[in-house]
Number of protein chains: 2
Amino acid sequence: MNSTETNKKTSPLATAIVLAVIVLAVLLTCAPYFVAIALAEGPTEHADASPIFGVTIPPSYKQWELIAPAEEAAPLDELRAVVGNQIAIDTYKAGKLPFPDGTVLVKRAWKRKQSPEFASATIPGSATTVQVMVKDSKKYVATGGWGFGRFVDGKPVDEAQHRTCFACHEARAKSQDYVFTRLAP
Amino acid sequence: MNSTETNKKTSPLATAIVLAVIVLAVLLTCAPYFVAIALAEGPTEHADASPIFGVTIPPSYKQWELIAPAEEAAPLDELRAVVGNQIAIDTYKAGKLPFPDGTVLVKRAWKRKQSPEFASATIPGSATTVQVMVKDSKKYVATGGWGFGRFVDGKPVDEAQHRTCFACHEARAKSQDYVFTRLAP
């Protein structure tokens with residue numbers, strides 16, 4: 001065995017190390033994207049889907065950006081906050097309707113209760129409903145491209161209630177792509 | 001020149017390519033973290049800092065998670081929403097006071113105005129104030145560990161107004177680490 005043969009024998013090991021480094025680097029490169037994909041929000045089909053529309057509560061909607069709060073006087077007596085996924089927020093900021101497919105809006109609502117510290121203030125009491133709008137212009141062609149879900153304690157309300165969603169949005173907010181809430185300044 | 005020498009001559013090029021691939025992979029690996037660092041939220045010292053406390057408006061507070069909305073009746077007639085950075089949210093969820101250093105809370109506020117669609121609803125009108133609380137138990141030892149900032153149109157209000165912050169929080173919310181807002185259910 002001469003020295004040239006020795007060199008040839010060690011090179012596979014060196015190659016393996018270099019390849020291992022590359023594979024490791026590539027894996028590290030991809031890890032944040034895998035995590036991002038795993039955490040991606042969006043409704044999926046399951047037993048807790050709304051009747052008619054099959055809309056579900058997005059898993060991480062509580063982390064979504066605030067679009068606007070609102071207050072409902074009696075008899076509802078609620079505080080509300082509408083949040084949206086990134087597509088929704090981007091569309092609001094661009095000021096361009098209609099909302100694209102993939103837009104998801106979630107309205108959180110609570111009974112209003114007296115602040116224990118300030119007589120003039122009301123704050124969230126118990127949660128009442130979570131209401132979801134999902135834009136899919138092909139799937140929901142009959143309802144302006146929007147699917148609706150109304151949930152109490154995480155469970156969808158009945159079909160009769162879901163039949164009322166679009167009629168009201170159509171009657172009062174058609175010019176805003178059927179969405180009532182505007183981005184708070 | 002024999003074949004062994006030829007192999008030796010080409011190997012620097014191969015090495016360079018492998019190195020380039022590794023460098024590229026490492027750069028791609030780091031890119032998301034660089035972006036994350038660049039986007040990291042937190043107040044920094046500059047001209048728009050509050051008097052007494054040197055608190056500023058965190059650049060990306062509008063993306064922060066909602067803690068709770070609130071409503072202020074007349075004469076203020078405001079809708080409000082308190083959001084918090086991740087430290088704040090984690091502390092609320094764990095239910096463990098006091099808030100750790102690094103906690104930042106931001107209260108957004110708007111004049112209430114009538115919804116154009118629903119007589120019973122009020123929605124955000126013009127923005128009024130942005131109010132910030134920053135926890136730094138060493139820097140703000142005289143004020144329960146909290147620094148305060150009250151901003152109108154992005155500019156801090158005067159020193160006299162900032163002198164009132166802690167007195168009120170101390171008088172009414174000392175048992176909650178001087179924070180009024182509770183996490184909405």
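Owing to the predicted nature of the structure, the values given are computational and were not obtained by experimental measurement. FYI, side chains are in, hydrogens and waters are out, and symmetry mates aren't considered; it's all heavy atoms of this structure. Each chain gets a letter, A, B and so on, in the order the sequences are listed, and its residues count up from 1.
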Is it true that [X] and [Y] fall in one hydrophobic cluster, defined by side-chain heavy atoms closer than 4.5 Å?
X        : Y        : answer
B:Phe151 : B:Leu76  : no
B:Phe148 : B:Val152 : no
B:Val157 : B:Met133 : no
A:Ile52  : A:Val134 : yes
B:Phe180 : B:Val55  : no

Per-residue tally against chain B (heavy atom, under 4.5 Å) across A:Glu71, A:Glu117, A:Glu78, A:Arg108 peaks at A:Glu71

Greatest number of non-hydrogen atom pairs under 4.5 angstrom with chain B, of A:Ala119, A:Ser120, A:Pro75, A:Ala173, falls to A:Ser120

*asked:* Between A:Ser126 and B:Pro185, is there a side-chain heavy-atom distance shorter than 4.5 Å?
replied: no

Do B:Pro116 and A:Arg182 come within less than 4.5 Å of each other through their side chains, counting heavy atoms only? yes

Does B:Asp158, at its CG atom, have more than 12 non-hydrogen atoms belonging to other residues, nucleotides or ligands within less than 6.0 Å? yes

Residue A:Lys93 excluded, over 12 heavy atoms near NZ under 6.0 Å: yes

Roughly how far, to the nearest 0.5 Å, is [atom2] of [Y] from [atom1] of [X]?
X        : Y        : atom1 : atom2 : value
A:Ile123 : B:Thr181 : CD1   : OG1   : 8.0 Å
A:Ile89  : B:Lys62  : CD1   : NZ    : 10.5 Å
A:Glu72  : B:Phe118 : CD    : CZ    : 7.5 Å

Heavy-atom closest pair (B:Leu79 atom, A:Pro69 atom, distance to 0.1 Å) is CD1-O, 3.9 Å

Result for side-chain contact (heavy atoms from CB on, under 4.5 Å) between B:Gln63 and one of A:Gln86, A:Gln63, A:Glu65 points to A:Glu65

The interface call for A:Gln176 against chain B, heavy-atom contacts under 4.5 Å, is side chain

